[in-house]
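The block underneath contains the structure these notes are about, expressed in structure tokens.
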Amino acid sequence: MPPETILQKENNFSEWYSEILKRAEILDIRYPVKGVYVWYPYGYKLRKLIYEILQSLLDKEHEEVLFPLLIPRDELMKEKEHIKGFEEEVFWVTKGGSTELEIPLALRPTSETAIYPVFKVWIRSHRDLPLRVYQIVNTFRYETKHTRPLIRVREITSFKEAHTAHASRAAAEDQIKRAVALYKNFFDQLAIPYVITRRPDWDKFPGAEYSLAFDTVMPDGRTMQIGTIHLLGESFARTFDIKYEDKDGALKFVNQTCYGISERCVASVIAIHGDDHGLILPPEVAPIQVVIVPIVFSSGGEGNIEVKQVEEACFTVQEALKKAGIRTFVDNSEERPGAKYYRWEMKGVPLRLEIGPRDLRNNRCEFVRRNDFKRVHVPLSEVVPEVKRTLKEIHEEIHEKAKETLRSNIHKSEGIGADKSAEEMEELRRRAGRGIVSLFLCERERCGNELEEQLGVSVLGEVYEPEGGEKNEGGCLICSEKAKRIYAARAY
RNA sequence: GGGGUUGUAGGGUAGCUUGGUCUAUCCUUCGGCGUUCGGGACGCCGAGACCUGAGUUCAAAUCUCAGCAACCCCA
């Protein structure tokens, strides 16, 4: 177990987070423009592996496309509700050289208005449906609040947005379910626990009929939205005139959905699994899954022959692991072993193998797991299957731990209605400062605002898939009328 | 949306109150050489900085204003 830690995740998450981004070489925040950052090679590899999982899931029933960054003003402005939600956040390109542009071009804040005019010409017949596409692009939002690397940014560098069009409302609803399943699968592979809610009407995606959202709880107790899924219905189809000819010859509007995930999913992996020693990456997405540290300078005696043997053994093991598809790195740099341990722990490598002369004499090596620093000896002949087994185990362990943390951060309030006492409210308020409070609230915006103000929280929304056996209806905490179970929390 | 703090080598800092021997401190980092080496080694040599702009002044890292950026708090 490493004796020294400098970082303190629990006491000061903010500081921990920015230190980790720097020390683990995920993101360089020194670019001199507010809210935009540079991906280091290591961070970019992590991003790439995470998005490869997402793509492999999407590719089963979506096709990847690439739409332009620039959107003409008139298209962007077409959907009234939509633009209302975004207009204060749009970056504009107004000049070409020194020439003022006749029609200003927006940097996409999201791509509905870039994609849907093209859907109009792509979609002619019911045979063109369902149409399911996605792209992974950068989008720009002029955030006025505090920007935070990967969490609130002005350039979203990794916005995965899927857009689908269907012949019927039922088909679109079905797609929503598929998207939920897909996102669940994705976050499970990242070992990230989540809650799913239906956002309140006053907080849905601008232009959508309703929005579902995945949120996770960060170490400081605030929630972070990590995925959203929207049923657009016919609203955009009517605005952009996206129609198809049905079997009976009738022209009908398509029914649409869209759903997105951004680099916040990378932030969640970093924030949720890491500890005071640095990152802990789920093996699935770790750029280096196994680091092999040769212990080559045995004290006392002429070690030359041993040095060679140790190095050879390391590379032999690496070859075997690589053949088994495991991303393996041999750190035979000049540093002392301890310095290497610290570095790779900071970078979150899930499993470290140590091979020294002592091990070699016994035909074994040592495994050290990043998540709990447990150390075991493994015979060299069993390294490959043992590595596979251990990596799987590590994934399960960090997933379980994260799920437990999330569970413990959900506070259910039973039986507190509109007649609640000041003490009960104070208790709720206290709980809401750290994690999610679960309570009954009606759908009215007034009650939502009232609750948000009194508890200092945001309403996440109605619980999407309530647990079986749980009481899911009650009197609204504010007005005591019939209400459903909702989640609320301080949110990022 | 409102308020506050900060900006000095790649990273972290001292100096700023009271302008002048600041030719800018210390730690870390980086390059070289040597001794080391089963949890962040040590010695010697070398490299590297006052956010940008304007102002005040004989003189600005230090004072004033603006910009840019980062961080924190409240709503």
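Proteins get letters first, then strands, A, B, ... in listed order; numbering begins at 1 in each. Heavy atoms only: backbone and side chains are in, while hydrogens, waters and symmetry mates are out.
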Taking 4.0 angstrom as the limit, do A:Lys308 and A:Glu311 come out as a salt bridge? no
Considering every strand shown, what is the Watson-Crick or G-U wobble mate of B:C16 when both distances are under 3.5 Å? none
Base-pairing mate for B:A60 - Watson-Crick or G-U, with both contacts under 3.5 Å: none
What's the closest nucleotide to the side chain of A:His146 if the choices are B:C72, B:G40, B:G38? B:C72
Proximity to the side chain of A:Arg375 - top-ranked nucleotide from B:G40, B:G39, B:A70: B:G39
Does the base of B:G38 carry an N or O that pairs as donor and acceptor with the side chain of A:Glu366 under 3.5 Å? yes
Gap in Å between the two C1' atoms, one belonging to B:G4 and one to B:U23, rounded: 37 Å
According to the interplanar angle, ranging from 0 to 90°, do the rings of A:Phe214 and A:Tyr194 count as parallel (below 30°), tilted (30 to 60°) or perpendicular (above 60°)? tilted
Which part of the nucleic acid does [X] contact within heavy-atom distance under 4.0 Å: base, sugar-phosphate only, or nothing?
{"X": "A:Lys145", "answer": "nothing"}
{"X": "A:Arg358", "answer": "base"}
{"X": "A:Ser14", "answer": "sugar-phosphate"}
{"X": "A:Glu354", "answer": "base"}
{"X": "A:Glu453", "answer": "nothing"}

Per-nucleotide protein contact string for nucleotides 26-31 of chain B (B base, S sugar-phosphate only, - none; heavy atom under 4.0 Å): ------
With the six-membered base ring of B:G40 as reference, does the ring of A:Tyr342 sit under 5.5 Å away with planes under 30° apart? yes
Between A:Gln318 and A:Thr328, a side-chain donor and acceptor under 3.5 Å: no
Considering just the side-chain nitrogens and oxygens of A:Thr144, establish if one lies under 4.0 Å of OP1 or OP2 belonging to B:G1. yes
Pairing residues for A:Glu75 by the salt bridge (Lys or Arg N to Asp or Glu O under 4.0 Å) criterion, not counting sequence neighbours: A:Lys78
